[in-house]
Amino acid sequence: MPLFHHVPLRVLWADTHPAGIVWFGVFFRYFEQAEEELFRRLGQDRTRLLHQLGIFMPRTSLQSRFRSPARLGDEIAVGVGVSSIGERRIEYAFDVRDRLTDRLISEASYRVACVDASTFERRSFPEAITRLLKPALSSRSSRSDPDADSS
């Protein structure tokens with residue numbers, strides 16, 4: 001199913017292990033980069049916005065599924081969308097596909113929480129964040145998440 005935004009990348013030497021296949025931990029960097037680009041696509045620099053709002057958005061859970069290998073030199077696209085937005089949790093959905101064949105390489109999701117930047121105490125997401133991310137809610141996962149608002 002389509003996600004909101006796609007970031008084109010090329011698999012670099014530093015992304016692979018000796019067999020020339022992307023090391024699994026690199027995918028998490030790809031997801032982080034896609035999240036960063038999502039904020040830019042929506043008109044905000046994430047780092048600047050979080051600083052202005054006095055919050056951090058730590059990752060609280062991650063699910064990932066690898067379908068086929070990505071290899072050195074492959075042209076890939078990392079898709080990102082928002083699965084759910086709750087008072088205290090936002091869940092992102094990701095996929096990684098070969099840009100030339102649309103072959104699915106990986107699917108993933110992770111949740112972020114909201115904490116005060118000075119105390120690290122849990123708090124609700126500011127309206128500026130939820131309003132910004134609403135256009136990225138994907139049809140793929142516009143489901144209601146009963147755990148999205150739990151602590």
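Being a predicted model, the structure only gives us computed values, none of them experimental.
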Gap between atom [atom2] of [Y] and atom [atom1] of [X] - 0.5 Å precision:
X: I129; Y: Q44; atom1: CD1; atom2: CD; result: 8.0 Å
X: L132; Y: R46; atom1: CG; atom2: CZ; result: 11.5 Å
X: D45; Y: Q52; atom1: CG; atom2: CD; result: 9.0 Å
X: R131; Y: I85; atom1: CZ; atom2: CD1; result: 11.5 Å
X: S109; Y: F31; atom1: OG; atom2: CZ; result: 9.0 Å
X: K134; Y: L42; atom1: NZ; atom2: CG; result: 13.5 Å

Just wondering, do [Y] and [X] contact through their side chains at under 4.5 Å, heavy atoms?
X: V7; Y: L38; result: no
X: F4; Y: L137; result: no
X: E36; Y: T47; result: yes
X: R111; Y: R59; result: no
X: Y30; Y: I105; result: no

**OP:** Quick one: list whatever passes salt bridge (charged side-chain N to carboxylate O under 4.0 Å, His left out) with E37, sequence neighbours left out.
**Re:**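 Residues passing salt bridge (charged side-chain N to carboxylate O under 4.0 Å, His left out) with E37: R40.
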Mind listing the side-chain donor-acceptor pairs of residues 64-82 below 3.5 Å, one per line with the distance, residues two or more places apart or on another chain?
unit_1, atom_1, unit_2, atom_2, d
R67, NE, E107, OE1, 3.1
R67, NH2, E107, OE1, 2.7
S68, OG, R103, NH1, 2.7
S68, OG, L104, O, 3.0
D74, OD2, R71, N, 2.8
E75, OE1, R99, NH2, 3.2
E75, OE2, R10, NH2, 3.3

**OP:** Output yes when R122 and E87 qualify as a salt bridge under the 4.0 Å nitrogen-oxygen rule, no when they do not.
**Re:**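 Salt bridge between R122 and E87, a charged N being under 4.0 Å from a carboxylate O: no.
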Original post:
Passes side chain to side chain contact (heavy atoms under 4.5 Å, CB included), W23 versus D15? Steps please.
Top reply: CA-CA 6 Å; W23 179 67; D15 297 341; over 6 Å; no
Quick one: closest heavy-atom pair of [X] and [Y], and the distance?
X: L53; Y: P126; value: CD1-CG, 4.1 Å
X: M57; Y: F39; value: CE-CZ, 4.3 Å
X: L3; Y: H6; value: O-CE1, 3.6 Å

Subject >> Working for side chain to side chain contact (heavy atoms under 4.5 Å, CB included), residues T16 and I21 >> reply: CA-CA 5 Å; T16 63; I21 295 172; 5.9 Å; no
**OP:** Go through the structure and list residues passing side chain to side chain donor-acceptor pair (under 3.5 Å) with D116, not counting sequence neighbours.
**Re:**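 Counting only residues at least two positions away or on another chain, D116 forms a side chain to side chain donor-acceptor pair (under 3.5 Å) with S118, T119.
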Original post:
Residues two or more places apart in sequence or in another chain: which of them pass side chain to side chain donor-acceptor pair (under 3.5 Å) with E121?
Top reply: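 Partners of E121 by the side chain to side chain donor-acceptor pair (under 3.5 Å) criterion come out as none, since no residue qualifies.
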Subject >> Residue list, ring pair (Phe, Tyr, Trp, His ring centres under 6.0 Å) with Y110, at least two apart or on another chain >> reply: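 Partners of Y110 by the ring pair (Phe, Tyr, Trp, His ring centres under 6.0 Å) criterion, ordered by chain and then number, come out as Y92, F94.
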Original post:
Does a sphere of radius 6.0 Å around NE2 in H17 hold more than 12 heavy atoms from other residues, nucleotides or ligands, not counting ones at 6.0 Å or beyond?
Top reply: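 Yes, enclosed.
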Original post:
Hey, what else clusters with F56 if you join Ile, Leu, Val, Met, Phe, Trp, Tyr whenever side-chain heavy atoms sit under 4.5 Å?
Top reply: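 Members besides F56, by chain and number: V115, F120.
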